[in-house]
Each structure stands twice: as structure tokens, then as C-alpha cells.
Novice: 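Mind looking over this structure? Questions follow.
Atom set for the values below is all heavy atoms of this structure, side chains included, hydrogens, waters and symmetry mates excluded.
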Amino acid sequence: MIFCVEDDTGIRELMVYALNSAGLEARGLPDGESLFRALTEGEPELILLDIMLPGEDGISILKRLRSGGSKAPVIMATAKGTEYDKVLGLDLGADDYLAKPFGMMEMVSRVKAVLRRAAPGPKREVLSHFGIQMDTAQHIVTVDGARAELTFKEFELLRNFMENPGRVFTRDQLLTSIWGDSYAGETRTVDVHIGTLRTKLGRCGNYIETVRGVGYRLGAKT
């Protein structure tokens with residue numbers, strides 16, 4: 001949800017319409033009081049905040065937002081000709097500004113750009129098993145500090161084991177988990193990939209143990 005805080009009804013409705021037409025959910029609000037009431041229902045993805053508002057102005061509202069702990073990205077809209085309000089807004093924690101009058105296409109473009117910058121990156125998780133290190137976000141595996149070049153399926157097999165050390169997986173479980181329910185291949189596919197994975201892991205390949213009659217597991221140091 002994007003909050004558009006603008007006291008001019010016509011401009012506010014046009015902003016909301018343009019954002020909705022661009023596939024973004026938006027809600028118009030006429031002043032700071034209505035904004036803070038709306039914030040009690042939940043934090044928006046972004047706030048478009050006019051500086052010249054009746055009652056409390058946009059700069060004061062921005063100060064309250066940031067002092068109150070709001071992390072929502074804010075784009076300030078100003079009709080003033082000086083740079084002062086723009087610089088002040090950015091210094092107080094605004095993420096961007098729009099100079100009035102602005103076009104709706106420009107506004108949508110700025111909103112999308114700020115949303116992209118504010119989007120969280122992939123969570124970085126590093127899994128370790130003795131000499132094996134796996135960075136799940138960057139898809140990097142090292143063995144004793146040296147990079148191991150794994151295919152996607154080998155990486156996913158290893159991730160499966162490293163997220164569940166000691167757990168025994170049947171070949172059918174691994175086939176379904178890594179290749180998917182619709183895969184029409186045989187469980188021999190798993191054995192082949194386990195073999196190449198062990199080879200690429202060098203001495204650490206011995207940690208992938210065969211449990212006879214059942215399947216495979218990531219075992220303790222041997």
C-alpha cells in the first residue's frame with residue numbers, strides 16, 4: 001500500500017488513479033492527521049508526502065515519522081522554488097523528492113525506483129559442516145576454503161543435506177525434493193548426482209554417507 005498525502009482533492013485522486021493503473025495499491029489522505037490515523041492500521045510500502053499541507057506541514061510530519069521509528073520510504077513533493085525544503089527533507093530521512101508540478105509518469109517511475117531500492121535483498125545464510133561452507137544467497141560452496149563448482153542440482157542436494165545433518169533421505173524423497181513431483185526419471189538419477197557431488201567435495205565427499213537399503217545422509221566427520 002502507498003499512502004498519498006495531498007490536500008488538493010483533484011491531484012490526490014489523480015495520483016491514486018495513476019498508481020493503481022500501474023499495478024500499485026494506493027490510498028489518498030488529505031493531511032497529517034489522517035496519515036497518522038492510517039498508520040495505526042499498518043505501515044505502508046511508501047509514503048508520498050506533500051510539504052505544503054493544511055495544519056502540520058510535510059517537514060514536521062517527516063520528523064514525527066522518523067522519530068517514531070517508521071522505516072517506510074518517503075518521497076516529498078514540494079512546489080517551492082528554493083532548494084531548502086528539498087535538502088532539509090533529504091537530511092531528515094526522505095528517500096526522494098518530486099518538484100511540483102510533476103507528471104504522473106514521472107511520479108510512478110520515482111515510486112517504483114524507491115520501492116526497488118527499499119526492497120530487502122536475499123537473506124544471506126551460511127551453512128557449515130566441518131570443511132564445507134555454503135553461502136545460500138550467492139550459491140557459493142567452498143571446501144577447505146577452495147571454491148567447489150557445483151551444478152544447480154548438486155547445489156540443491158548439498159543444501160538439502162546441510163540443512164538437515166544426520167537425517168536419512170530416501171532416493172524417492174530426494175528425487176521429489178530436488179527434481180519435483182512431475183519428474184519422470186528414475187532414482188538412479190539421484191545416485192549419479194550423489195557420485196559427482198562427492199567427487200567435487202573431495203575429502204569432504206565422504207560425509208555424504210550411503211545408508212544401505214534406505215538412502216543417503218550427511219554424517220559426522222570421518
Novice: Under the 6.0 Å and 45° cation-pi test, does Arg64 pair with Phe36?
Specialist: yes
Novice: Side-chain contact, heavy-atom cut-off 4.5 Å: Leu14 with Met104?
Specialist: yes
Novice: Inspect the contact between Arg198 and Glu209 and indicate whether a charged nitrogen and a carboxylate oxygen are less than 4.0 angstrom apart.
Specialist: no
Novice: Would you check if the side chain of Ser70 reaches a backbone N or O of Arg66 as a donor-acceptor pair within less than 3.5 Å?
Specialist: no
Novice: Taking the side chain as everything from C-beta on, heavy atoms only, tell me whether Met76 gets closer than 4.5 Å to Leu62.
Specialist: yes
Novice: Can you check whether Ile208 reaches Leu157 side chain to side chain, under 4.5 Å on heavy atoms?
Specialist: no
Novice: Hey, is Lys200 close enough to Glu154 for a salt bridge, meaning N to O under 4.0 Å?
Specialist: yes
Novice: Looking only at the side chains, is there a donor atom on one of Gln133 and Ser128 sitting less than 3.5 Å from an acceptor on the other?
Specialist: yes
Novice: Got a donor-acceptor contact below 3.5 angstrom from the Arg217 side chain to the Gly166 backbone?
Specialist: no
Novice: Dump the intermediate steps for side chain to side chain contact (heavy atoms under 4.5 Å, CB included) on Ile51 and Tyr97, then the final yes or no.
Specialist: CA-CA 10 Å; Ile51 287 181; Tyr97 69 88; over 6 Å; no
Novice: Would you sort out whether Arg171 and Asp191 count as a side chain to side chain contact (heavy atoms under 4.5 Å, CB included), showing the intermediate values?
Specialist: CA-CA 8 Å; Arg171 290 170 176 81; Asp191 297 331; 2.7 Å; yes
Novice: So Val74 and Leu46, do their side chains get closer than 4.5 Å, heavy atoms only?
Specialist: no
Novice: Between Thr136 and Glu125, is there a donor-acceptor pair closer than 3.5 Å when you use the side chain of the first and the backbone of the second?
Specialist: yes
Novice: Around Glu163, counting heavy atoms of other residues, nucleotides and ligands shown, do more than 12 lie under 6.0 Å from its CD?
Specialist: yes
Novice: Give a yes or no answer on whether the side chain of Glu56 reaches the backbone of Gly32 with a donor-acceptor pair at less than 3.5 Å.
Specialist: no
Novice: Tell me whether Arg117 is salt-bridged to Asp95, with the criterion being a basic N under 4.0 Å from an acidic carboxylate O.
Specialist: no
Novice: What's the spacing between Ile2 CD1 and Leu115 CG if we round to 0.5 Å?
Specialist: 5.5 Å
Novice: Report yes or no: does Gln138 contribute a side-chain atom to a donor-acceptor pair with the main-chain N or O of Ile140 at less than 3.5 Å?
Specialist: no
Novice: Measuring from Leu150:CG to Thr196:OG1, what's the distance to the nearest 0.5 Å?
Specialist: 8.5 Å
Novice: Got Val108 and Leu19 here, is their nearest side-chain heavy-atom distance under 4.5 Å?
Specialist: yes
Novice: Taking the side chain as every heavy atom from C-beta outward, state whether Cys4 and Arg27 have any pair of such atoms under 4.5 Å apart.
Specialist: no
Novice: Which pairs, with at least one residue in residues 13-22 and sequence neighbours excluded, count as a side chain to side chain donor-acceptor pair (under 3.5 Å)?
Specialist: none
Novice: Run the side chain to side chain contact (heavy atoms under 4.5 Å, CB included) test on Glu45 and Phe3 for me, step by step, so that the C-alpha distance in whole Å, both residues' side-chain angles and the decisive distance to 0.1 Å come before the verdict.
Specialist: CA-CA 8 Å; Glu45 294 177 87; Phe3 288 169; over 6 Å; no
Novice: Would you find a donor on one side and an acceptor on the other, under 3.5 Å apart, between the side chain of Ser177 and the backbone of Gln173?
Specialist: no
Novice: Examine Met162 and Val143 and state if one hydrophobic cluster contains both, with Ile, Leu, Val, Met, Phe, Trp and Tyr joined whenever side-chain heavy atoms are less than 4.5 Å apart.
Specialist: yes
Novice: Between the main-chain N or O of Thr189 and the side-chain N or O of His193, is there a donor-acceptor pair closer than 3.5 Å?
Specialist: yes
Novice: Less than 6.0 angstrom separating the ring centers of Phe161 and Tyr216, yes or no?
Specialist: no
Novice: State, with a plain yes or no, whether a side-chain heavy atom of Met134 is found less than 4.5 Å away from one of Val126.
Specialist: no
Novice: When rounded to the nearest 0.5 angstrom, what distance separates CG in Leu35 from CG in Leu49?
Specialist: 7.0 Å
Novice: Take Asp50 and Lys100 through the salt bridge (Lys or Arg N to Asp or Glu O under 4.0 Å) test and state the conclusion after the steps.
Specialist: CA-CA 10 Å; Asp50 190 15; Lys100 286 185 171 181; 3.0 Å; yes
Novice: Between Ser60 and Asp57, do the side chains contain a donor N or O and an acceptor N or O under 3.5 Å apart?
Specialist: no
Novice: Would Ile61 end up clustered with Val114 when hydrophobic side chains under 4.5 Å apart are linked, directly or stepwise?
Specialist: no
Novice: Looking at CG of Leu218 and CZ of Arg167, how far apart are the two atoms once the value is rounded to the nearest 0.5 Å?
Specialist: 13.0 Å
Novice: Does the plane of the ring in Tyr207 sit parallel, tilted or perpendicular to the ring in His129? Use 30° and 60° as the thresholds.
Specialist: perpendicular
Novice: Pick out which of Lys112, Arg110, Arg116 makes a salt bridge (charged side-chain N to carboxylate O under 4.0 Å, His left out) with Asp96.
Specialist: Arg110
Novice: For the atom pair CD1 (Ile47) and CG (Leu29), what is the distance rounded to the nearest 0.5 Å?
Specialist: 9.0 Å
Novice: With hydrophobic residues grouped by side-chain heavy-atom distances under 4.5 Å, do Val211 and Val192 end up in a single group?
Specialist: no
Novice: Within the structure provided, determine whether Leu158 and Leu201 are in side-chain contact (heavy-atom separation under 4.5 Å).
Specialist: yes
Novice: Report whether Met52 and Met107 are members of the same hydrophobic cluster (ILVMFWY, side-chain heavy atoms less than 4.5 Å apart, transitive linking).
Specialist: no
Novice: Run the numbers on Asp31 and Val5 for side chain to side chain contact (heavy atoms under 4.5 Å, CB included), then give the verdict.
Specialist: CA-CA 6 Å; Asp31 51 33; Val5 188; 5.6 Å; no
Novice: Would you call Lys153 and Glu156 a salt bridge, using N to O less than 4.0 angstrom?
Specialist: no
Novice: Nearest heavy-atom pair of Pro54 and Asp7: which atoms, and what distance?
Specialist: CD-CB, 3.4 Å
Novice: For Pro44 versus Ala72, what's the shortest heavy-atom pair and its separation?
Specialist: O-CB, 3.8 Å
Novice: Please name the pair of heavy atoms, one in Asp135 and one in Phe155, separated by the smallest distance, quoted to 0.1 Å.
Specialist: O-CZ, 4.1 Å
Novice: Determine, using the 4.5 Å side-chain heavy-atom cutoff (strictly less than), whether Phe169 and Ile194 are members of one ILVMFWY cluster.
Specialist: yes
